[in-house]
Amino acid sequence: MWGKRPPKDNLESWQDIQQFIAEFPDDDYWSKWKPMVRGVVSALEAHGLAPLFRIGQSMHHIILSTLDSHRLTSEPRVTLEFHPKEQTVRVEYSCANLYFSEALSEESVPLVAALPTTLGYLRRLWSETKPAIAIPDALKSA
C-alpha cells in the first residue's frame with residue numbers, strides 16, 4: 001500500500017482496506033488477526049456504511065472518519081484495534097493517533113460485540129461531525 005495514491009472516495013477506501021488486510025502475512029499472529037478484521041469490516045460494509053464513512057489504517061489500526069479526504073490530523077475518528085489472542089476489539093473515539101494520544105472514550109469488547117459497539121461509536125462520530133445531517137438509517141439499527 002505504500003506509495004499508492006489515496007482512495008478518491010469513501011467506496012474506494014473500503015476496497016483498499018480489504019487489500020490492506022490481505023497483504024498481512026499468514027503467520028501465527030496475522031492469520032488470526034486477518035479474519036477478525038475482515039469480519040468486522042465486512043459487517044460494517046454490509047450494514048451500508050461504505051458511502052457514509054471513509055476507512056483507512058494506521059499501522060494495523062482500522063480508522064473510520066466522516067472526512068472526504070485522506071490524512072487525518074486532529075479530526076474526530078473511530079479506531080479499531082484487534083487482539084487475536086484474546087479475541088477482543090478495542091473500539092476508541094479520539095481526535096489523534098492513538099500511538100501518541102489517549103482516546104476520549106474507549107471500550108474493549110469481545111469480538112461478537114464489536115459490530116454493535118462500533119456502530120454506537122460511529123453514531124457519536126456522525127452526531128459530532130455532521131450535526132446538521134440526520135443520523136443515517138444505516139446507523140439507526142444496531
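Remember, it's a predicted structure, so these values are computed and weren't measured experimentally.
- Applying the salt bridge (Lys or Arg N to Asp or Glu O under 4.0 Å) test to Glu128 and every residue at least two apart in sequence or in another chain returns Arg124.
- With sequence neighbours excluded, the residues satisfying side-chain hydrogen bond (donor to acceptor under 3.5 Å, both in side chains) with Thr66 are Thr129.
- In this structure, OG on Ser13 lies 12.0 Å from CD1 on Ile63, to the nearest 0.5 angstrom.
- Here His61 contributes atom NE2 and Thr79 contributes atom OG1; the two are 7.0 Å apart, rounded to the nearest 0.5 Å.
- Annotation: salt bridge (charged side-chain N to carboxylate O under 4.0 Å, His left out) contacts involving residues 110-122, sequence neighbours excluded, are absent.
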- Task: Check the pair Thr118 / Val109 against side-chain contact (heavy atoms from CB on, under 4.5 Å), numbers first and verdict last.
- Result: CA-CA 10 Å; Thr118 302; Val109 298; over 6 Å; no
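- Side chains of Leu49 and Leu119 form a contact here, defined as non-hydrogen atoms less than 4.5 Å apart.
- In this view, Pro110 and Val112, Ala113 satisfy the side-chain contact (heavy atoms from CB on, under 4.5 Å) rule, not counting sequence neighbours.
- Counting all heavy atoms, side chain and backbone alike, Ser42 lies closest to Gln18 at OG-NE2, 3.4 Å.
- Cluster annotation: Leu11 is not connected to Phe20 through the hydrophobic network of ILVMFWY side chains, with a link wherever side-chain heavy atoms come within less than 4.5 Å.
- Considering CD of Glu86 and OG of Ser108, their distance stands at 9.0 Å, rounded to 0.5 Å.
- Counting heavy atoms from C-beta outward, Asn10 and Leu52 have side chains that stay 4.5 Å or more apart.
- The distance from atom CD1 of Ile135 to atom NZ of Lys130, rounded to the nearest 0.5 Å, is 12.0 Å.
- In terms of the salt bridge (Lys or Arg N to Asp or Glu O under 4.0 Å) criterion, residue partners of Glu81 (sequence neighbours excluded) are, by chain and number, Arg90.
- A heavy-atom distance below 4.5 Å is not found between the side chains of Glu106 and Ser94.
- Ring geometry for Tyr93 versus Tyr121: interplanar angle of 30 to 60°, hence tilted.
- At a threshold of 4.5 Å between non-hydrogen side-chain atoms, the residues Val37 and Ile17 do not count as touching.
- If you take CD on Glu92 and OG on Ser105, they are separated by 9.0 Å, rounding to the nearest 0.5 Å.
- Phe53 and Trp126 have perpendicular rings, their planes meeting at more than 60° on a 0 to 90° scale where under 30° would count as parallel.
- Remark: the Gln15 side chain and the Gln19 side chain contain no N/O donor-acceptor pair separated by less than 3.5 Å.
- Residues Leu122 and Leu44 form a side-chain contact, since some pair of their non-hydrogen atoms from C-beta on lies under 4.5 Å apart.
- Checked against side-chain contact (heavy atoms from CB on, under 4.5 Å), Pro25 has the following partners two or more places apart in sequence or in another chain: Asp27, Trp30.
- The shortest non-hydrogen separation linking Arg123 to Leu139 is NH1-O, 2.6 Å.
- Applying the side-chain hydrogen bond (donor to acceptor under 3.5 Å, both in side chains) test to Ser58 and every residue at least two apart in sequence or in another chain returns Asn97.
- Sequence neighbours left out, the pairs with a member in residues 28-52 that pass salt bridge (charged side-chain N to carboxylate O under 4.0 Å, His left out) are Asp26-Lys34.
- With sequence neighbours excluded, the residues satisfying side-chain contact (heavy atoms from CB on, under 4.5 Å) with Ala43 are Leu115.
- Nearest heavy atoms, Ser65 versus Pro76: CB-O, 4.2 Å.
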